[in-house]
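To start, the structure itself, in structure tokens.
Naming convention: chains lettered A, B, ... in sequence-line order (proteins, then strands); numbering from 1 in each chain.
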Amino acid sequence: MLKRITVSQLKPELSKQYQPAEVETKWLDFWQEQQYFKADPNADGEAYCIAIPPPNVTGVLHMGHGLDETIQDTLIRYHRLQGKNVLWVPGTDHAGIATQHVVVEKLHREGKNRHEMGREAFLEEVWKWKEEAGGTIGRQLRRLGCSCDWSREAFTLDEKRARAVRVAFKRLYDKGLIYRGEYLVNWDPVSLTALSDDEVDYEDEQGFLYHLKYPLADGSGTITVATTRPETMLGDTAVAVNPTDERWQHLVGKMINLPLTGRQIPVITDDFVKKDFGTGMVKITPAHDPNDFLMGQRHGLPMINVMTDDAKMNNLAGKFAGMDRYEARKAIVEEFKALGLLEKVEPHPMRIGRGYRSKAVIEPRLSKQWFVKIAPLAAQAKAAVESGEIRILPQTPWEGIYFNWMNNVRDWCISRQLWWGHRIPIWYKKSDPSVMICFEGEGLPAEVAAAPNEWVQDEDVLDTWFSSALWPASILGWPDETEDLKRWYPTSVLVTGHDILFFWVARMVMFGLELVGRKPFTDVYMHGLIFGKTYYEKIGQDYKLIPPMQAREFDISGEMPKNVEAKWEKMSKSKGNVIDPLEVIGEYGTDALRLTVGGYAALGRNIDLDWRRFQNYRNFVNKFWNAARFVLMVTEPLKSEEFRRGIESCSLEVEDRWILSSLNKVIIKSTETLDRYEFDQYVAGLYDFIWLNYCDWYLEMVKGRAYGHDEAEESHRAARTTLLVVLEHVCRLLHPIMPFVTEEIWHIIRARVVNVEAGVSASGATSSLFGDCFAAPSLCVGAWPKPSLGLELADSEETIALLQEAVGAIRNIRGEMRVPMEMKVGVTIEHKDAAGRDQLSRVRGHLRSLARVDQLKIEETAVAPKFASTFVSGAMTIL
RNA sequence: GGGCGGUUAGCUCAGCUGGUUAGAGCGCCAGCCUUACAAGCUGGAUGUCAUAAGUUCGAAUCUUAUACCGCCCACCA
């Protein structure tokens with residue numbers, strides 16, 4: 001009989017329920033002390049490097065990070081286990097607009113104003129805020145178990161990155177790829193800054209189409225134009241019709257008395273105008289509409305800006321001056337009505353652009369801005385993906401979207417009217433602003449230093465994404481040819497949500513190729529976005545949002561009342577559908593969180609995050625923990641010396657061979673799926689192996705075997721050895737996604753094998769299955785398991801005999817059950833043409849009639865020109 | 001307006017190149033504190049695989065159309 005000792009006698013510290021909190025802090029400290037994540041460019045091994053997508057420095061961890069960092073850490077730990085020279089550089093982003101906003105609002109609450117404070121003082125405030133808030137995200141990343149090299153932590157606005165930015169700017173400037181120009185930019189009237197096209201979010205809103213009548217100057221009547229924005233008519237400088245529009249040819253060249261302004265404007269023709277929209281006549285306001293701007297340029301029309309930078313009407317707006325744009329709209333419509341010039345107003349769906357941070361309605365605005373010429377950069381960036389040098393995963397649809405974007409790029413407006421950011425390294429001569437100096441060094445250019453009063457630096461800063469675009473290179477020391485850069489550039493993979501493909505990924509590729517001369521990464525892995533369940537109570541026709549506390553109850557129970565409807569929506573605080581990773585960690589542990597998001601991370605899918613999954617994986621972690629407790633109990637009588645003779649020296653029973661064979665399969669599957677970024681498959685494979693195969697079957701069989709036998713028997717030694725071998729391998733396989741509990745268990749096993757008897761060294765193990773794995777002091781620097789040869793169950797009769805034997809053994813302990821025993825049945829048929837197909841069908845039918853084949857895979861391969869060989873294989877369930 | 005993806009059990013999802021009886025977790029029903037685990041074990045119920053047609057000996061899987069949901073892109077005033 002197995003010695004009747006209980007786990008609590010044996011290891012009182014191993015609680016029945018896994019307690020994540022202590023275990024996690026213990027290993028976090030241990031890893032930190034041992035500096036396992038510190039990378040050395042001179043170390044051996046293939047280079048593997050990831051640059052973290054830098055979270056906003058003042059942000060807090062949200063579930064998107066939970067997913068993003070889990071995937072990266074899983075990859076990093078996996079490749080580290082494979083013996084590569086791994087570097088994961090952490091860092092944070094200064095997030096220009098977002099951060100400046102927060103500080104402006106904070107000062108506002110304190111009754112201060114940045115303009116009164118001045119630039120210097122304000123920036124000091126921002127830095128102060130950054131220092132206070134800036135550590136949070138880093139600490140939270142650590143809690144997630146991120147195995148970053150913290151000694152290389154970077155910030156997009158620190159001195160090294162600032163230098164990279166200046167050098168990049170200067171090189172692009174000297175090459176003529178950066179220029180200053182007048183342009184109609186997306187103006188955010190709240191942040192008072194220009195935004196790039198990608199920083200504008202569009203929403204469908206119900207607006208109105210106003211049909212305005214403009215009188216012809218010759219008094220021959222009026223024409224009607226349609227507009228959604230009547231207030232801009234004050235800046236109209238033409239009315240356009242399509243050149244092929246027969247109806248209005250007689251008007252072309254005539255002048256119009258523009259109401260309310262006293263100005264006359266011409267009727268012109270332009271292809272842009274659609275004949276079938278509205279009346280086929282369009283008012284042209286070059287200073288307030290992107291299309292009109294282009295048309296204005298084509299026709300040399302004057303550009304009249306009628307608004308101030310905070311979207312009020314300016315003094316060119318006559319009596320409307322000072323009004324907010326929406327007040328002005330009302331007032332102008334009223335005026336038209338009063339003049340009898342308002343033909344009609346009809347509801348009209350329209351798309352409103354809003355600043356992605358301030359949510360203010362964007363006002364197109366004429367101003368001088370800095371631009372990067374994108375066309376030449378885009379050509380290279382497109383080619384790199386076309387040639388396969390850079391892979392975008394999942395390929396569909398993102399590669400197509402990438403190409404589409406690269407084909408339709410507009411120049412990138414990089415100047416922002418903010419203070420928080422990299423200041424544009426340009427100085428203008430006061431006496432002649434067209435004289436400029438671009439300087440990449442620190443401090444002032446020599447000419448400016450010599451005559452500081454004659455020069456002035458550009459007031460604007462660069463778009464945050466300018467420094468982000470340099471990130472993979474700048475974190476490795478570029479523009480210097482550092483050891484790090486040589487060793488780890490290009491980085492291996494970039495992991496990010498698909499929402500920033502254009503903001504960031506595309507620009508990194510462009511800058512990497514142009515400035516460093518090499519691509520910034522080899523793979524781009526785009527994961528889905530995370531959605532949260534939002535609950536609405538239906539009251540009559542209306543829906544009312546269910547508050548977060550109650551929503552969480554529905555989340556946990558998975559049930560809700562009949563009058564409540566659930567919808568998956570992007571997580572946002574106002575919706576109350578946010579799941580806080582730290583709350584999850586506190587409740588279920590980091591491993592469970594990581595397993596959950598990893599298990600959801602199928603290529604190319606958005607994630608509808610269901611709270612109940614956390615519980616599911618928490619239970620899994622606990623199951624694994626308890627399996628380990630059992631194994632430790634059962635293996636107690638096993639002397640380490642005996643154990644170390646290795647698994648080859650045991651005479652294995654069929655179930656031992658079966659579980660080892662399954663282990664082999666799961667090793668192969670784990671390796672393949674991780675190589676292909678199929679995290680969901682990786683998690684599912686191990687989940688099933690541990691719960692279904694190892695726990696439900698193998699452990700139970702071992703128990704059955706134990707009764708009525710002498711524990712000193714060879715059979716016991718084989719079982720205990722197998723138990724321990726499988727457990728140890730599983731620790732290593734799961735470590736990338738589930739680092740804490742595996743590390744804990746692995747160390748206990750290690751202590752059992754290595755340290756039980758004095759004088760036994762770690763490397764003394766002879767078993768090829770164990771190899772030298774215990775020579776490593778931690779799973780963090782261990783070795784990824786390799787599939788072992790010779791453990792596959794043999795085919796055919798021998799296997800069947802073995803299986804029957806196993807079934808007998810199982811029936812003894814558990815009655816009649818099905819055994820998920822897998823085997824291959826191979827039949828090779830050679831046939832010619834269609835004639836052979838009949839034979840093939842008969843064989844298939846025969847196999848089916850056995851009614852025992854779970855799965856039947858048929859591979860047809862041509863082995864010779866005139867022959868096809870068909871190999872039929874299947875997995876059988878023995879009853 | 002173009003392009004893409006999804007629709008499988010009450011809920012959240014697997015099901016990869018077509019193969020026989022479509023799976024898991026949660027929930028539900030019955031029975032279990034069996035000496036690893038009640039965060040568990042055993043057994044059970046539950047599906048016209050969105051709809052329709054087509055290809056095939058055979059379709060959740062391939063083709064086509066339709067419906068609904070979602071995403072991306074686009075200059076329609």
Side-chain angles (χ1 to χ4, degrees), chain A residues 2 4-7 14 16-18 202 209-210 225-229 232 240 272-274 276-285 289-295 348 350-351 394 396-398 400-401 404-405 408 498-499 501-502 528-529 531 533 554 556-560 566-568 588 592 599-600 602 604-613 615-634 673 676 678 680-681 684 687-688 691-692 695-696 699-700 703 814-815 817 837-838 841 844-845 847-851 853-859 872 874:
Chain A
L2 265 181
R4 295 305 182 95
I5 49 167
T6 63
V7 178
L14 301 187
K16 270 176 116 166
Q17 288 187 356
Y18 175 63
Y202 291 93
L209 194 59
Y210 302 85
V225 295
T227 178
T228 53
R229 305 195 50 203
T232 62
F272 167 76
V273 182
K274 302 267 187 301
D276 51 3
F277 187 92
T279 56
M281 289 187 276
V282 189
K283 63 192 265 309
I284 306 299
T285 323
D289 181 278
N291 298 312
D292 295 4
F293 173 76
L294 294 173
M295 229 183 296
H348 185 74
M350 51 196 279
R351 286 159 53 76
T396 48
W398 299 109
I401 292 173
N404 187 46
W405 190 78
N408 295 295
H498 59 64
D499 51 339
L501 177 66
F502 306 134
L529 270 25
F531 290 76
K533 211 171 190 176
F554 298 158
I556 290 171
S557 67
E559 286 173 7
M560 55 198 181
K567 222 184 140 190
W568 292 98
Y588 302 121
Y600 261 120
R605 279 191 70 94
N606 278 340
I607 296 171
D608 293 346
L609 191 58
D610 186 333
W611 185 269
R612 290 170 295 163
R613 283 248 180 157
Q615 298 173 352
N616 182 207
Y617 283 105
R618 184 269 315 263
N619 294 355
F620 172 71
V621 171
N622 193 53
K623 185 78 180 176
F624 183 56
W625 171 251
N626 274 293
R629 290 173 71 233
F630 175 78
V631 171
L632 291 167
M633 182 186 81
V634 173
T673 50
R676 289 197 295 256
E678 293 170 356
D680 59 324
Q681 296 293 319
Y687 183 101
D688 288 349
W691 204 310
L692 272 35
C695 291
D696 286 357
L699 292 191
E700 295 303 325
K703 282 183 194 170
R814 307 189 76 170
M817 293 170 189
R837 291 186 75 98
D838 292 339
S841 294
R844 287 170 181 162
L847 282 171
R848 280 172 211 144
S849 72
L850 290 174
V853 181
D854 269 357
Q855 236 184 340
L856 195 63
K857 288 193 175 172
I858 300 182
E859 272 175 75
V872 183

Could you walk me through whether A/Tyr18 and A/Asn626 pass side-chain contact (heavy atoms from CB on, under 4.5 Å), step by step? CA-CA 8 Å; A/Tyr18 175 63; A/Asn626 274 293; over 6 Å; no
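- Across the P atoms, B/A65 and B/C13 are found 28 Å apart, a figure rounded to whole Å.
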Sort me out a list of protein N/O and nucleotides 23-25 of chain B N/O pairs below 3.5 Å, or just none if empty.
{"from": "B/G25", "atom 1": "O2'", "to": "A/Asn616", "atom 2": "OD1", "distance (Å)": "3.2"}
{"from": "B/G25", "atom 1": "O2'", "to": "A/Asn616", "atom 2": "ND2", "distance (Å)": "3.1"}

Watson-Crick or G-U pairs under 3.5 Å in RNA chain B, rendered as dot-bracket with [ ] for crossing pairs and | for another strand: (((((((..((((.....[...)))).(((((.......))))).....(((((..]....))))))))))))....
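- Checked by atom type and distance alone, the side chain of A/Tyr588 never pairs as donor or acceptor with a backbone atom of A/Tyr617 at under 3.5 Å.
- At a cut-off of 3.5 Å, with distance as the only test, no side-chain donor of A/Asn616 or A/Arg613 sits close to an acceptor on the other residue.
- Nucleotides B/G54 and B/G15 are separated by 24 Å at their C1' atoms, to the nearest Å.
- Separation of the P atoms belonging to B/A9 and B/A50 is 8 Å when rounded to the nearest angstrom.
- Comparing B/U21 with B/G6, their P atoms are spaced 26 Å from each other, to the whole Å.
- A/Gln17 contributes a side-chain N or O that forms a donor-acceptor pair with the base of B/A39 under 3.5 Å.
- Among the heavy atoms of the strands lying under 4.0 Å from A/Tyr600 are primed sugar atoms or P, OP1, OP2 only; no base atom is included.
- Qualifying ring-ring contact (aromatic ring centres under 6.0 Å, His included) partners for A/Phe624, counting only residues two or more places apart in sequence or in other chains: none.
- Applying the side-chain contact (heavy atoms from CB on, under 4.5 Å) criterion to A/Asp608, with sequence neighbours excluded, gives A/Phe531, A/Trp568.
- Looking at which nucleotide of RNA chain B each of A/Ala628 and A/Arg618 is closest to, the 5′-most match is held by A/Ala628.
- Place A/Ile401 and A/Lys283 on RNA chain B by their nearest nucleotides, and A/Ile401 ends up nearer the 5' end.
- Side-chain N/O atoms of A/Lys16 and base N/O atoms of B/C37 include no donor-acceptor pair closer than 3.5 Å.
- Partners of A/Tyr210 according to the side chain to side chain donor-acceptor pair (under 3.5 Å) rule, which considers only residues two or more places apart in sequence or in another chain, do not exist here.
- B/C72 and B/G27 are spaced 36 Å apart, taking the C1' atom of each and rounding to whole Å.
- Comparing the C1' positions of B/G44 and B/U48 gives an interatomic distance of 23 Å, to the nearest angstrom.
- With sequence neighbours left out, A/Asn291 forms a side chain to side chain donor-acceptor pair (under 3.5 Å) with no residue at all.
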